[in-house]
K.L.:
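Can you read through this structure? Questions will come right after.
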Amino acid sequence: MTTAVDDAASRMSAFIRDPYPTLARIREAGAVSVVEFGEGLPVYLVTRYQDVRAALMDPRFGQDVRRSQAIASGRGSGLTLGSEVVHMLNSDPPDHTRLRRLLQGVFTRRRVDQMRPLVERITDGLLDGLRGRETADLVTDFAFPLPIMIICELLGFPPEDMQDFRTWSTAILTQGGDMSFHQATTELNDYLRELMKDRRAAPRTDILTDLVQASDAGELTEQEVFSMVFLLLIGGHETTVNLLGTATLALLHHPDQLARLRADPAAMPVAIDEFLRYESPVSMATLRFTNADVTVDDVEIPADELVLLSLGAANRDPARFTDPDRLILDRGDPGHLAFGQGLHRCLGSFLGKLESEVALTGLLARFERIELAAAEETLPWRNTIMLRGLESLPVSLDG
């Protein structure tokens with residue numbers, strides 16, 4: 001006999017595999033819906049492009065995770081939102097302004113352009129490692145190590161520890177893994193404390209040294225250093241890992257678009273924006289709350305309510321994008337919301353786009369044939385509604 005729990009698990013599994021039919025029904029039904037988040041916690045869900053874009057820039061939608069946690073706990077929910085890890089993505093001004101200012105110079109377009117040789121060197125090395133193999137996992141063997149090796153270089157972390165970073169990231173961002181959220185954050189915190197001690201004893205030219213020195217100068221607390229590194233380490237690779245996996249799968253589903261890119265590699269920068277729209281690596285923006293009554297279209301959301309903004313649904317909205325469920329690499333419309341908008345627009349967007357451009361260009365140039373080496377229905381997706389990415393992408397390669 002099928003139970004209600006089984007039915008719910010089955011629906012969630014289907015949603016994780018392909019959320020877009022469900023998101024389309026929700027979007028068509030109205031500007032705002034009330035859905036369950038986590039352990040039966042009611043939240044308002046916004047799915048239409050114009051409403052999501054407006055909310056991303058509206059200060060009445062706060063992001064301070066401590067306030068969100070208080071609201072959730074006040075509703076009787078045991079959901080853990082990570083309120084002990086406060087960084088610029090889940091805080092509001094003036095804390096957000098202070099924290100972002102410390103890092104924004106590292107990720108300007110000019111500084112990122114200077115990282116191209118590093119990205120190309122790491123990409124070439126990883127592609128060399130794929131040669132001669134009958135099959136490869138493009139997530140495990142390529143999409144994951146590329147951005148994590150780059151962010152390790154910037155932070156000054158030993159790259160041999162990158163599998164630990166992946167384990168911690170998976171536990172923190174997804175559900176049902178082998179490690180709890182608390183264990184992952186504790187282990188990462190302990191790891192960072194040791195590295196911070198090392199930087200105090202022997203400063204280097206890296207971001208971690210800069211943050212430790214800012215802490216010693218009274219600009220950051222030690223906990224804020226941990227939270228900033230947490231964000232850079234996890235946010236600095238998750239988006240690119242997800243994008244590279246889903247973009248490759250999308251090309252395998254659209255051989256005409258794959259042929260177009262092979263014929264014109266210079267079109268890759270424009271194509272990256274379409275990949276970001278088509279499969280937004282961050283499917284839901286960070287949980288928000290209303291700090292005043294807010295009317296979205298014709299729906300009033302009272303103050304002190306939790307709100308989710310669906311970037312994935314917004315980027316497939318037919319009111320904004322023609323034929324939104326098709327991958328059209330020469331669409332030439334960079335108006336997607338995959339990196340957010342406003343004060344909290346992704347600080348690493350230039351780096352993520354550069355990594356993806358170099359990686360996909362190199363992959364297509366190196367291998368004449370790329371084919372899926374597993375049944376489509378067996379491909380494992382990240383077990384979270386917040387991210388859209390593959391855990392594994394087995395392919396056969398011929399170059």
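Bear in mind that the values here come from a model prediction, so they are computed numbers and not experimental data.
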K.L.:
Provide the full list of ring pair (Phe, Tyr, Trp, His ring centres under 6.0 Å) pairs with a residue in residues 241-290, sequence neighbours left out, each pair given once.
P.N.:
His254-Tyr278

K.L.:
Can you list every ring pair (Phe, Tyr, Trp, His ring centres under 6.0 Å) pair that touches residues 58-108, not counting sequence neighbours?
P.N.:
His87-Phe230, His96-His344

K.L.:
Test: side-chain hydrogen bond (donor to acceptor under 3.5 Å, both in side chains). Region: residues 330-341. Which pairs qualify, not counting sequence neighbours?
P.N.:
Arg260-Asp330, Asp273-His336, Glu274-Arg331, Arg320-Asp333

K.L.:
Only pairs under 3.5 Å count here: list side-chain donor-acceptor contacts from residues 153-161, not counting sequence neighbours, and write none if there are none.
P.N.:
unit_1	atom_1	unit_2	atom_2	d
Asp161	OD2	Tyr191	OH	2.7

K.L.:
Can you sort out the partners of Gln257 under side chain to side chain donor-acceptor pair (under 3.5 Å), two or more places apart, ordered by chain and number?
P.N.:
none

K.L.:
Considering residues at least two apart in sequence or located in another chain, which fulfil the side chain to side chain donor-acceptor pair (under 3.5 Å) criterion with Ser310?
P.N.:
none

K.L.:
Tell me every residue that passes side chain to side chain donor-acceptor pair (under 3.5 Å) with Asp323, counting only those two or more places apart in sequence or in another chain.
P.N.:
Arg326

K.L.:
According to the ring pair (Phe, Tyr, Trp, His ring centres under 6.0 Å) rule, which pairs have a member within residues 196-221, sequence neighbours left out?
P.N.:
none

K.L.:
Give every residue pair that meets the salt bridge (Lys or Arg N to Asp or Glu O under 4.0 Å) criterion with at least one member in residues 67-79, sequence neighbours excluded.
P.N.:
Arg67-Asp304, Arg75-Glu305

K.L.:
Tell me, which pairs form a salt bridge (Lys or Arg N to Asp or Glu O under 4.0 Å) where one or both residues lie in residues 205-215, sequence neighbours left out?
P.N.:
Arg199-Asp206

K.L.:
Can you tell me which residue pairs pass the ring pair (Phe, Tyr, Trp, His ring centres under 6.0 Å) test with a partner in residues 202-226, sequence neighbours excluded?
P.N.:
none

K.L.:
Going by side chain to side chain contact (heavy atoms under 4.5 Å, CB included), name the residues that satisfy it together with Pro42, two or more places apart in sequence or in a different chain.
P.N.:
Val34

